[in-house]
Amino acid sequence: VGSGKTSLLLSFTGEMPQTLGALRYKGSIAYVEQEPIIFAGTFRESILFGKPYNEEFYRKVIKACNLESDLALFPQGDMSMIGERGNNLSGGQKARLALARAVYADTDIYLLDDPLSAVDAKVAKSIYNETILGLLANKTVILVTHQVHFIKDAENIIVMNGGTVEGSGNFEQLKAQGVDVNTIFSLHKNQNSEENEDQEDQQDIQTKKLQSTTVETK
């Protein structure tokens with residue numbers, strides 16, 4: 001936290017003032033921020049964002065971003081109205097909607113500012129496989145994440161700390177540069193195990209509540 005990851009992404013958008021060096025890239029950019037902006041309108045309009053409706057691609061995006069089950073709960077599906085600032089959506093729904101909007105834009109470069117942190121472990125894994133490694137497989141993707149188990153497939157890993165780059169490259173190259181990758185990954189492994197245990201406990205509690213409610217209703 002506070003290492004400069006978001007600032008790095010903002011440098012591509014021009015929102016971070018440049019003091020040294022040069023930044024050059026070629027192609028269009030889609031940026032998924034940590035706190036996504038949701039506009040009032042229908043769910044579909046929020047994803048299309050002014051682009052023509054391509055049903056086949058649209059359905060692929062909806063599926064890849066794990067939005068099918070959410071739309072099934074809405075009274076009018078993707079034609080349901082979303083309130084101003086998306087106040088009738090959960091944090092996870094906002095994150096997945098923003099990701100779907102970016103994917104549907106079909107740009108050349110994707111800046112993803114930790115979109116997996118707002119969803120549970122199972123959904124995060126699905127989005128990573130279906131969206132980042134799936135629909136965006138032929139795109140340039142810069143993914144910011146604290147969930148380091150997702151970066152094993154990355155062509156280049158950049159480790160940041162305190163506003164500086166401690167190292168970049170694959171695992172072996174990072175080790176050669178003196179980056180303690182074993183500590184980084186072992187710490188995450190322990191944290192991930194604790195998070196999974198907490199989620200399982202919460203699921204057990206919710207299941208018991210549902211069972212209790214069912215009995216009372218009968």
Side-chain angles (χ1 to χ4, degrees), residues 6 9-10 12-15 25-145 147 149-155 199 203 206 210:
T6 297
L9 297 188
L10 288 176
F12 283 85
T13 67
E15 295 183 47
Y25 62 86
K26 182 179 180 180
S28 54
I29 285 181
Y31 175 40
V32 179
E33 51 196 349
Q34 282 181 314
E35 297 183 7
I37 298 173
I38 305 300
F39 301 94
T42 66
F43 200 93
R44 181 185 293 186
E45 288 172 341
S46 292
I47 294 177
L48 299 184
F49 207 52
K51 293 184 70 69
Y53 178 60
N54 180 327
E55 183 173 2
E56 181 181 358
F57 183 52
Y58 177 81
R59 295 300 171 190
K60 287 182 180 179
V61 172
I62 291 294
K63 183 177 184 299
C65 294
N66 270 246
L67 287 168
E68 288 181 319
S69 58
D70 298 285
L71 294 179
L73 298 174
F74 292 164
Q76 293 178 294
D78 65 353
M79 298 308 290
S80 298
M81 295 297 296
I82 298 174
E84 186 176 357
R85 299 182 183 276
N87 53 17
N88 55 342
L89 299 178
S90 68
Q93 287 172 330
K94 289 179 183 178
R96 284 177 283 128
L97 188 155
L99 180 61
R101 182 170 61 201
V103 174
Y104 191 82
D106 194 26
T107 60
D108 302 305
I109 303 169
Y110 284 85
L111 310 177
L112 308 181
D113 199 348
D114 209 6
L116 305 176
S117 64
V119 298
D120 62 42
K122 183 179 179 180
V123 174
K125 183 178 180 180
S126 175
I127 290 175
Y128 183 75
N129 290 327
E130 298 296 326
T131 304
I132 297 174
L133 298 184
L135 290 182
L136 302 182
N138 296 319
K139 306 289 186 176
T140 296
V141 179
I142 301 179
L143 171 66
V144 164
T145 182
Q147 303 180 56
H149 58 288
F150 284 126
I151 67 174
K152 293 180 180 179
D153 299 307
E155 295 178 355
Q199 288 174 0
Q203 289 173 354
Q206 291 298 325
L210 287 171

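A pairwise comparison of heavy atoms in A95 and P115 identifies CB-O, 4.2 Å as the closest pair. V103 and Y110 get closest at one heavy-atom pair: O-OH, 3.3 Å. Smallest separation of non-hydrogen atoms from L48 and Y58: CD2-CD1, 4.0 Å. Scanning all heavy atoms of the two residues, the minimum distance from N66 to S69 falls at O-OG, 4.5 Å. Minimum heavy-atom separation, Q34 to D114: NE2-CB, 4.4 Å. For the pair L99 and I127, the tightest heavy-atom approach, listed with the atom from each and the gap, is CD2-CG2, 3.5 Å.
Between L67 and I47, the closest side-chain pair of non-hydrogen atoms falls below 4.5 Å. L136 places a side-chain heavy atom less than 4.5 Å from the side chain of T131. Between V144 and T6 the shortest side-chain heavy-atom distance does not fall below 4.5 Å.
At least one donor-acceptor pair under 3.5 Å links the side chain of K139 to the backbone N or O of T107. Remark: the backbone N or O of D70 is not paired with any side-chain donor or acceptor of Q93 at under 3.5 angstrom. Y128 contributes a side-chain N or O that, together with a main-chain N or O of F150, makes up a donor-acceptor pair within less than 3.5 Å.
Rounding to the nearest 0.5 Å places CG of D108 at 9.0 Å from CD1 of I29. Rounded to the nearest 0.5 Å, atoms CD1 (I38) and CG (L89) are 6.5 Å apart. Interatomic distance, R96 CZ to S90 OG, rounded to the nearest 0.5 Å: 6.0 Å. Here the CG-CZ distance, from D78 to R59, works out to 5.5 Å after rounding to the nearest 0.5 Å. Here the CZ-OH distance, from F12 to Y25, works out to 8.0 Å after rounding to the nearest 0.5 Å. Note: R101 CZ to F43 CZ = 10.5 Å, rounded to the nearest 0.5 Å.
The local environment of NZ in K125 is sparse, with at most 12 non-hydrogen atoms from other residues, nucleotides or ligands closer than 6.0 Å.
Between Y104 and F49, the ring center distance fails the sub-6.0 Å criterion.
Residue I142 is tested with L111, L112, D113 for a side chain to side chain contact (heavy atoms under 4.5 Å, CB included); the sole match is L111.
Checked for salt-bridge contact, K51 and D106 miss the test: no charged N lies under 4.0 Å from a carboxylate O.
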